[in-house]
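Here is the structure we will look at.
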Amino acid sequence: MTAASELDELLPGRPDDAALSAQLLSTTSRPLTRGWKLAFAICAALTVMLFLLVALTVLRGIGMWGNNVPVAWGFGIINFVWWIGIGHAGTFISAILLLLEQHWRTSINRFTEGMTLFAVIQAGLFPLLHLGRPWFAYWLFPYPAEMDTWPQVRSALPWDAAAVSTYFTVSLMFWYLGLVPDFASLRDHAPTRRRRIAYGILALGWRGSVQQWRHHKVAYFLLAGFATPLVLSVHSVVSLDFAITGLPGWHSTIFPPFFVAGAILSGFAMVLVLILPARRVFGLQNVITPRHFDAMAKMVLITSWIVLYSYACELFVGWYSGDRYEMYQHLVNRPFGWYAWSFWLMLFCNCFVTQVFWSRRMRRSPIALFAVALLVNLGMWLERFEIIVVSLSRDFLPSAWHFFSPTWVDLGILTGTLGFFGLLFLGFLRLVPFVPVAELKQMRSELAHAPAAHASTPAEVEP
Amino acid sequence: MRLAQIGDAPALMAEFSSGPALLAGIRALRDAGVSRFDAFTPYEVAGLQELLGLRRSRLTWIALAAGLAFGGGAYLLQWWINVIDYPLDIGGRPFHSAPAFIPITFEMTVLFASAAALISAIVLGGLPRLWHPVFEIEGFERATVDRFWLAVGVGDAALDRERDTAALVAAGALRVEWLGARAGGRP
Amino acid sequence: MHSHANRLADSPMAALFPPWTNTATRVALILLAAAITAAIVTPIVYARMPFATGAGDPLLQPIPFDHRHHVRDDAIDCLYCHEDAERGPYAGVPAAERCMGCHSQIWNDSQLIAPLRASVATGEPIRWQRVHSLPDFVYFDHSIHVNKGIGCVSCHGRVDQMAAVYQVHRLSMSWCLDCHRDPTPHLRPRDQITSMTWTPASPAETAALADHYRPRSLTHCSTCHR
Amino acid sequence: MNDASEPPDSSLPAPGLDRLSRRAFFRLAGAGAAAAGLAACSSRPARNILPYASQPPEVTPGVPLHYATALVEDGFATGVLVASHQGRPTKIEGNPDHPASLGATRARDQAAVLSLYDPQRARSITDRGAPAAWSAIEQLLAGARAHGGRGLHLVLEPTSSPLVIDLIERIRTALPAARLAFWAPFAPRAQLAGNRLALGRALQTQLDLRTADVVVALDADLVGDHPMALAYARQIADRRRVVDTSSPMSRLYMVESGYSPTGVIADHRLRVRPSEVERIARALLAAVIAQGGRGAPAELGAALARPAGEPREAALIAAMARDLTRAAGRCAVAAGDRQPPRVHAIAAAINAALGNLGRTVAFSEPAVFEAGQPSHDVAALADLVRAIDGGEVTALLVLGGNPAYAAPADLGLAAAIARAPASLYLGLYDNETARACRFVVPGLHDLEQWGAARGYDGTITPIQPLIEPLFGGRSVAAILHELLGDPPATDHARTQDAWARRLPGVDHAAALARGTVAGSALPAVAAEVAWSALAAAIAAPPAAAPALELAIAPHPFLHDGRHTNNPWLLELPEPATKLTWDNAAQLSPRTAAQLGVDTGDLLALTVGAAAAARTLDVPAVVVPGHADDAITLHAGFGRDGGERVARGIGADAFRLWTTAGGLSPAVTAARRAGHRELAITQVHWQLEDRPIALGGTLQQLRDDAALRDELARHRGPQPTLLDRFPAGFPTQHNQWAMSIDLTTCTGCSACVMACATENNTPVVGRGSVLNKREMHWLRIDRYLEGPSDDPVVVVQPMTCQHCENAPCEYVCPVEATTHSPDGLNEMTYNRCIGTRFCSNNCPYKVRRFNWFDYKHRDLHVLANNPDVTVRDRGVMEKCTYCVQRIRRAEIDARIADRPIGAHDVVTACQAACPAQAIAFGSITDPASSVSEQRRRPHSYAVLHDQGTAPRTRYLARIRNPGQLP
């Protein structure tokens, strides 16, 4: 594909800089629609419910959740892993695709980074909340305690704390760094003085000088470079929460890549779930195009195959190991045990439904994309349910086996995080240009001025 | 030819409509002997840094140093806690459980390298600085949208205001403004 | 408000921020950094301060019992009153009857010991204020320490110089560990346990004591927590 | 949807003890320095130090004292030692010198401290619920005293106390018109009646199983439900311990309907309905006589002979007869008290025919006063009802027990008592009987009173109080003294006085110190089977069995309901079903299928016909191994008194108890709409071919290298990357370890309760148990092997294995669980933040989490052991090997400058175990019992293949089945 045709696919009509800025910055200042207000109100209500349930859990005890012994981790850790996984697509799109010079990432990268941050915020709630005594969570960090005690770093949980907080911080820094030039645009062009001051402070005085762009570019690429191993490491570390144990169904070396693939699958699915309505509501069909959908659908298809391969590996290794506990877990408990329905539903959602994306038409159909993406998100949640609840419910000693069932608090907190996530996201859509304006303009400029395209694009001759 | 940052000395400010036009303006003045330039652009203009002879930012090395220092520090802290300060028998594992120390070491390396990169980008870019003389120029706000501003001859003895204004206009500048010395405060 | 997407708002003439904001930004950033540092450091320091550990704070007791007088002037041995220190976990505060052993003879009509007389008469205990309060969840046993050569003064300080007893040391886990990691320098002969002034004459004496008591470095958790 | 978010059971005592009575308690308890003892129980530091005004010389604050006393049930004493922390009894251990304890305890003995501190005990004298003065009682008793006791009726619990007997005899003399009845629903009556049939006298059977090579138990739960169960369990275990491949082992046959602890350890178990036991017994007697029984008339054998029944049954009877005859004089046949007197008579006859009398079987006079006499019969209660209805009763004194609840329902006793013109109830609770009576006087807990009682063998056991009566209660003796118009005196003085009169020459103080009166066991009575009388008595064949029969059985922990307000016991999983907080109709899988029910489905049980029909709705619970066409239902539930914990849980089995039907009536059952989720702690009962509860037969252990190799594989070296002990296994410290013998473990659960009392394990309530949140550090796993309708049961105490390479430790992010140099897997509660990662990675799932604030509330906190941290909400906990006892022993030994002795550390579970199935000690001492047990050929580690290197090892379950002909 030539640069020009790519540009036409990614940015049909090739709007000029001023038009792009005007269009993309305006998302922060358009009047609030009724739909947005309604969605915001629902999300705000769910968020209030979330924090009430959190308060209830903290006041009364973690017993408000359905966990028990043997299933000492339940919805809390499922939700944690699920949300963390969703976060992955953001960094994947913004960092790895940046390094791979995938131009199609530009229009959606900030959107997905925002999604990452808000998903990680939801995820970050759970390691804290699921503690029996969350007020002592600071013991996970090394500080010169009066008790002379330290964290125990052979456990995967301090790794988790380090990985998740690093992931969040680096994602936030990466996101912010990319936002600075756009904040400067808003400082100069937001409709009210108060907003200009607010954006102006956030822009730090950015003026687009040569020196600023020079360091900005290097830092941006560096952060992308750092975020790349990070995005692979975070879910790897999360997977180690399980893989370092001896539990049948957890004790598996395949977990890190398996988890990363699953995370990217769920992340892309969530991007699709969010971007399809946002694009429609904000009229961004010219910057977020079928070309983008096509690329994301292919990612979903690829990662879904990796996930299917991982499932197959788990089954095979479970059998090949000859270990009676592994065999029971993978060949009996999961497919035919108490929770067999979740196993088969998970396979259906994560591996079979996604096969529609072999069809180009499906890859570009918003309805198909939206439906499949929703199912994949459900399927990925079930995958974590499978790993955590189903494995724990039957481990070594049959005498200790027991069921898990969630309480209304569990369900309420899961719903509440969806609301909280939505709330943050709706706020993000209103307050921040969610398509990176400067980057998009630069991409347009680079593609337009690319040697092969130059002659054939008279539109690019400056007025 | 070198980059000069506005602040203390007077300069000529020229507004261009595109990156290539800006580059053309620089080339025109370079021929006139002016060697100090700065530019303000809504996005990075390809070829600008090369034209001004800027080398790659040293920010990479700062990030590397920070990453190594804090990563190494994290490993040393873990070792010191488990081997020196309060060794405890944890599941029969060795006090110095090197593989278990790696994840945190890695994460701290990345975290502090990233933080160093961000902070360096801000500080080396002369930020935060909410007010700057160029913000006083009328119409400068389009520098963040679709206008490309060139600052010429900051502190450059070779700067000739009238000659260079003409040259800039000839090179395609939409507008040329004189930005007085900082001592003048707001013009 | 912009109803049309393709127009940008115009900027006002003058710069948005006046020059002083540059300084203000720097000051604000420095203050922010200082505040974050303080938020982390303050509790770490606070936990070691006397007003957090309770050290150095004499409490008002129902009877103004003066250890200086009883220990230094009258030369009463610690174990005369705190006799359980040798054989039980608690050193114990003497029963009122024990006090009355002397005070039925001397100072028997003092108003100061009215609570003592009341306790003996009614059987109601005297409500002493607890001075040495170990952290929660710690099982401390006086008998093993006393019998293995740790003197009263090591933990309680120069009680013989206190008008009202106060806590001298932090009595925190790290303080306990200081000694538990290397008990040898704190050892003393069994008959000098209650001495307030004994010091080893030579390193050889300390070595001999170590040889005698064979102290163990007990730093595992169930030493104190059960 | 899960309802686990319900708070801890609201029926548990709520805070609300008022300030005044708490202070009053402290004063009464004399616990002047209680603050010091209680400091460890609170997360808030004590602010005051309260020294004694006058310190008792024997008290060192922080060091518990032990006093010998006894717990009495149905008249039989079990000698115990009670630990007292400055006047506060906290822990009960068995008295090794007492023949009915031998150092062990039953689960319900352990729980007695919680009953003592039950805040729902009756607190004041009431008159129809309104507070009343003692003078009203004096008036009532004075009135009752008049006219030689005419119109005065007394209902007492069976008693063996020489002191109470003294009073009863005085009443009999002074008030000859007074009528006395003795009532306890499960007091052994059939045995005495059966011996009267066989021997001509109502004698009590005394077994001595120390020399018994073969034991046949005919519905007799010798190790579980018997006044002498602790001793019999020890005696049987002593004959069944496998030390090496040449160890001899006795053989135990069990014939029963439910699955009892005796059935668990039996080598052969024949499951038959209760009514069929007589058929088995008759066939066994016939077979024994046929094989040459001594003294037994051959024609009796011929008369009993009958066509062979079902092949397995016939083969088992033949095998029993063969083994018994071979071991003549070294065997015993025992009948259970649920069986009718005829079965007891047959058992006595078999023992006589085998020459066991005077060897393994002896007879003595009953330990209980007038046992076997009409005053102990149901008829005595029927007479009382008649007398009330006839207006003959002017004063009714019910002293102890709960007859209004625990008696045949068709007597209408509760209503009759309520009709009595003046009635008084003395008891611990405002229970059904208290509510029927006019006056209620708070009674005394065993730990609050002076007295004495006899053990089952007759050993006189002095009883002394550990604490002043918490609620000012009065003893039975005090009421009887008042009735006799005796001048006031303290219980102590009266006890000493009566002791001196009834037991001259026996030093009371010495008896108190020892806890028994040596040599006071009842002497054996020479008795011979009167064969002709016996033959006549059993001539008629047993009645045809009904289509479905019910067995109303005492609950293993609650007994007849007297302990139902004790939440510890309610939450202790019932051994056969693992059911907590409920009772249910136990039935076999086949019977359940026939009735169309599964566990939890409601059944309507009906006893009697037409107008007299009594129906009870009760959930079913399927028990593999239960006899077909029979239902076992435990008593003690469905309480309707004022005990808030007990009230409203389970179904009252006694409502199906009629004078005609007895405790094993014919019943009809029908499926009812509805389901009750039962709080059962184990949901999967198969081993799934996993190396967890290993076992085999003695023959296999001797001859089968495959079994020995397999066991050796489960204790041998494991490949590991971890260099656990680089400098060689440490020998300078003690290295603690445990060994649990699955062969002798009966699953009686005494250890579970002992662990809970020692370690302040909280109660969580039914809702939390339903969600698998029970807190027992030690549980008894129950696995079923073999056919699902008649499985062999293996029970396995499972608790923290103290793995050397503990999986829980390395996943804790805050060093809350670590390893001590002496091999303990330490749990530091106050460091725990509650990630529960350790529990997930524990292959044994023995860690317990405080999901809510489960701490004892109200007066129950006084049962806390001050040497063990009371855990807060949000922290993990688990077995510590009783680290507080280890550290105490360590300190004592270090102070005395000696090594820790082999018996210095005894864990709570170990101490309680009647079968001595638990050994604990240091494996650095090659002579310690635990070291010795680890060297045995059948020692193994559970999940050895996981590389956890557990310190707790098990001795495989070895059975000794015989050849079936």
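These values consider heavy atoms only, across backbone and side chains, with no hydrogens, waters or symmetry-generated copies. Proteins get letters first, then strands, A, B, ... in listed order; numbering begins at 1 in each.
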**Message:** Looking at chain A, which one of B:Trp149, B:Phe148, B:Trp80 has the largest number of heavy-atom pairs inside 4.5 Å, strictly under?
**Reply:** B:Trp80

**Complete:** Among residues 95-108 of chain B, those lying within the under-4.5 Å heavy-atom range of chain A are B:Phe95, B:Ser97, B:Ala100, B:Phe101, B:Pro103, B:Ile104, B:Phe106, B:Glu107, B:Met108

**Request:** With sequence neighbours left out, write down each residue that passes salt bridge (Lys or Arg N to Asp or Glu O under 4.0 Å) with B:Arg58, or none if nothing qualifies.
**Result:** none

**Prompt:** Given that the side chain runs from C-beta out, which part of B:Ile62 has a heavy atom under 4.5 Å from chain A: side chain, backbone, both or neither?
**Reply:** neither

**Message:** Quick check on the interface: out of B:Thr109, B:Leu48, B:Ile90, B:Asp85, who has the most heavy-atom pairs with chain A under 4.5 Å?
**Reply:** B:Ile90

**Asked** Taking 4.0 angstrom as the limit, do A:Asp188 and A:Arg196 come out as a salt bridge?
**Response** no

**Request:** Report, by ascending residue number, the residues of residues 229-240 of chain A in heavy-atom contact with chain B at a distance under 4.5 Å; give 'none' if the set is empty.
**Result:** A:Pro229, A:Leu230, A:Ser233, A:Val237

**Message:** Contact between A:Phe183 and A:Trp206 at the side-chain level, heavy atoms closer than 4.5 Å - yes or no?
**Reply:** no

**Prompt:** Distance only, no hydrogens: is a donor on one side chain within 3.5 Å (strictly under) of an acceptor on the other, for A:Glu439 and A:Tyr220?
**Reply:** yes

**Item:** Top contributor to chain A interface from B:Ala46, B:Ala143, B:Gly172, B:Ala121 [non-hydrogen pairs under 4.5 Å]
**Value:** B:Ala121

**Asked** Where on B:Ala116 is there a heavy atom nearer than 4.5 Å to chain A: the side chain, the backbone, both, or neither?
**Response** neither

**Asked** For A:Pro158, is it the side chain, the backbone, both or neither that has a heavy atom under 4.5 Å from a heavy atom of chain B?
**Response** both

**Request:** Sort out for me which of B:Ala63, B:Pro128, B:Ala117 touches chain A most, counting heavy-atom pairs under 4.5 Å.
**Result:** B:Pro128

**Message:** Taking side chain as everything from C-beta outward and backbone as N, CA, C, O, which of these in A:Gln152 sits under 4.5 Å from a heavy atom of chain B? Side chain, backbone, both or neither.
**Reply:** side chain

**Asked** Within the distance-only criterion (no hydrogens, no angle test), does the side chain of A:Arg110 pair as donor or acceptor with the backbone N or O of A:Gly178 below 3.5 angstrom?
**Response** yes

**Message:** Heavy atom to heavy atom, less than 4.5 Å: which residues from residues 165-175 of chain A reach chain B?
**Reply:** A:Thr166, A:Thr169, A:Val170, A:Met173

**Message:** Counting only non-hydrogen atoms closer than 4.5 Å, does B:Leu59 touch chain A with its backbone (N, CA, C, O), its side chain (CB onward), both, or neither?
**Reply:** both

**Asked** Under 3.5 Å, is there a donor-acceptor pair between the B:Gln49 and A:Trp213 side chains?
**Response** no

**Fill in**
Honestly, the part of A:Lys217 sitting under 4.5 Å from a heavy atom of chain B is side chain

